Trainee: 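Take this structure first; my questions come after.
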Amino acid sequence: MNMQDILSMNLEQIQEAVQKLHEPKYRANQIYHWLHVRKVTDFDEMTDLSSTFRTKLKENFCIKRLFIAKRLASCIDDTVKYVYQLSDGQHVETVLMHYQHGWRLCISTQVGCKMGCQFCASTIAGYVRNLTVSEMLLQIDETERDARITISGLVLMGIGEPLDNFENVMQFLEILSDPKGRTMSLRHVTISTCGIIPRIRELAEKKTGLTLAISLHNPDNSGRSQLMPINRKYPLAELMEACQDYFALTGRRVTYEYAIIEGENDSIQDAKKLAELLKHQHAHVNLIPVNAIKERKFHATRQAAQKFMHYLEELGIHATVRRTLGSDIEAACGQLRHEADTQH
Ligand code: SAH
C-alpha cells in the first residue's frame, strides 16, 4: 500500500485522514503537535496515542527523514553546507550561515532547476522534480538536529525556483507559520525568484508578510534575456509593475539581487538604467560579485561590486555589497547543484 507522507499534510488534511480511520478528529491535533512541535521521528514516540492507533498510523503513513550524504564546513567562515539525500536517492543542498542575529538557513525547493540562468550552477544538469512539503521542512529539522541550533531566518534561495513549485511552497509556508505548530513568523522568511509574474501576483494576494527578492542582474531587456531566459516570457517592465503592485498590496518592500559580472552588467550606463527602473520603489539592491562556477567564464571582484554600489548611491538607490559566505565549499549563491554534477 502507498504510505502517505504525513509531514507534508496540514492539520485539516490530517483531521480528514484520522476520521477515515474512524478516530475522533481531535487526535489529529495531537499528531500534528508531535510532528511539528516535538518533531518526533517515529509514531511510537506519540505516547498519548493508544498502541493500536499507533499501529494503524504506521500502516497508513510514514514520517519521512532526510539523510546527510555530505557535510562540508567552511574554513573561512561559519558556513556549513549539507548535501541531503532524499528518499528516492536524489540529492539537494542546504546551507547554514551564521549572522549577527543568529542562524540563517538557505533551503532548496526543487531537484535541479528549469530556469536556465546562465550564471547559475543549479540549472546546468537540468530539472528533475519539485520538492515535497516535507522535504522542505526536513531541511530545517535535520539541520537543526545535526548542528544543535535553532534557525531564526530562512531563505528560499537554494536549488530551484520556489515560484515554479508554488503549491508545495505555499503549503510549506502555511505549516511553517501555523500558530498550532511551528509558529515561525514569515517576516523572517525570504523567497527569491527569477520573476514568474503570475505567481508573484498570487503571492501578493496571500499577504504572507514574507520578503520577496527578485533576481534582477541586468537592467536591460536584451541583456537580461540573454542571462535569464525567463525574461523573454516576463520582461522587465511587466516585472517592475508586478513588484510595485506587490508592495502596494502587502506593504512589504521588494529587494533586488544583482550579481555583478564584469564587462556584462557593471558599467555606469547599467547603473543609470537600473536606477531608472527602480526610481519609484525605494528599492534596496543587494550586490554580489558573481560566484565562479566551473562551466562558465563569468567573474567579478569585490571592488567591482563596490564601484557599482557607489554609482548607484550617487543615483539615489540604496545598495549594499553582500558578504560571500562558504565559497570554499561551493556553498555560495549560484554554486549549489544536484548530485548529477557534484560527483565529478
Ligand atoms: N530561482 C531563485 C532562487 C535560487 S538562486 C532565483 O532565481 O532567485 C538564489 C540567488 O542566487 C538568486 O538571486 C540568483 O540569481 C543568485 N545567483 C545564481 N547564480 C549566481 C552566481 N553564480 N553568483 C552569484 N549569485 C548567483
Side-chain angles (χ1 to χ4, degrees), residues 81 92-95 97 104-127 130-131 136 139 154-166 168-169 189-197 199-200 203 210-219 223-231 233-234 239 242-243 246 254-262 264-266 283-302 304-305 308 319-327 330-338 341:
K81 177 165 90 172
V92 288
E93 304 192 334
T94 307
V95 181
M97 293 160 282
R104 185 182 292 173
L105 196 69
C106 173
I107 66 164
S108 293
T109 54
Q110 296 180 318
V111 180
C113 184
K114 45 176 117 123
M115 297 298 131
C117 299
Q118 282 301 302
F119 42 81
C120 183
S122 301
T123 202
I124 285 170
Y127 165 82
N130 281 331
L131 292 192
M136 291 184 267
Q139 291 176 66
L154 192 68
V155 294
L156 278 66
M157 284 196 185
I159 299 166
E161 167 50 50
L163 300 189
D164 188 43
N165 182 12
F166 195 73
N168 288 350
V169 166
V189 177
T190 298
I191 287 193
S192 182
T193 178
C194 59
I196 302 181
I197 294 176
R199 298 287 99 76
I200 293 174
L203 185 64
L210 57 76
T211 301
L212 181 67
I214 303 288
S215 299
L216 199 62
H217 306 314
N218 199 300
R224 190 168 190 264
S225 292
Q226 270 176 23
L227 280 179
M228 303 176 71
I230 192 76
N231 193 72
K233 193 161 181 199
Y234 301 120
L239 180 59
C243 291
Y246 186 92
V254 176
T255 63
Y256 294 90
E257 309 291 319
Y258 196 98
I260 293 290
I261 306 173
E262 278 180 52
E264 232 352 278
N265 63 2
D266 65 335
H284 187 89
V285 180
N286 280 319
L287 297 168
I288 177 170
V290 70
N291 292 302
I293 57 169
K294 60 177 186 282
E295 297 85 351
R296 305 276 188 264
K297 290 205 170 66
F298 298 132
H299 71 97
T301 58
R302 202 171 167 77
F308 197 76
T320 40
V321 177
R322 262 217 320 235
R323 284 193 300 162
T324 294
L325 295 174
S327 50
E330 301 219 324
C333 289
Q335 292 187 318
L336 304 184
R337 53 181 81 219
H338 67 89
D341 273 35

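Keep in mind the model is a prediction, meaning the values are calculated, not measured. For ligands, and for the atoms within them, numbers begin at 1 and follow the listed sequence.
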Trainee: The criterion is side chain to side chain donor-acceptor pair (under 3.5 Å); which residues satisfy it with Asn265, sequence neighbours excluded?
Mentor: none
Trainee: Going by the rule side chain to side chain donor-acceptor pair (under 3.5 Å), which residues pair with Asp266 if we only count those two or more places apart in sequence or in a different chain?
Mentor: none
Trainee: With no hydrogens and no angle check, is any side-chain donor or acceptor of Gln118 less than 3.5 Å from a backbone partner on Gln226?
Mentor: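 Such a contact is absent between Gln118 side chain and Gln226 backbone.
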Trainee: Taking side-chain contact (heavy atoms from CB on, under 4.5 Å) as the definition, give me every residue that meets it alongside Lys233, ordered by chain and number, with sequence neighbours left out.
Mentor: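 For Lys233, no residue satisfies side-chain contact (heavy atoms from CB on, under 4.5 Å) once neighbours in sequence are set aside.
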Trainee: Between Phe308 and Tyr258, how do the two ring planes meet: parallel, tilted or perpendicular, split at 30° and 60°?
Mentor: parallel
Trainee: Ignoring hydrogens and geometry beyond distance, is a side-chain donor-acceptor pair present between Thr193 and Glu161 at under 3.5 Å?
Mentor: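 The criterion, which ignores hydrogens and geometry beyond distance, is satisfied for Glu161 and Thr193.
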Trainee: Taking any residue with a non-hydrogen atom under 4.0 angstrom from an atom of ligand 1, which ones do you get?
Mentor: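 Ligand 1 is contacted, at a heavy-atom distance under 4.0 Å, by Phe119, Cys120, Met157, Gly158, Gly160, Glu161, Pro162, Ser192, Thr193, Cys194, Ser215, His217, Glu257, Ala259, Val290, Asn291, Cys333, Gly334.
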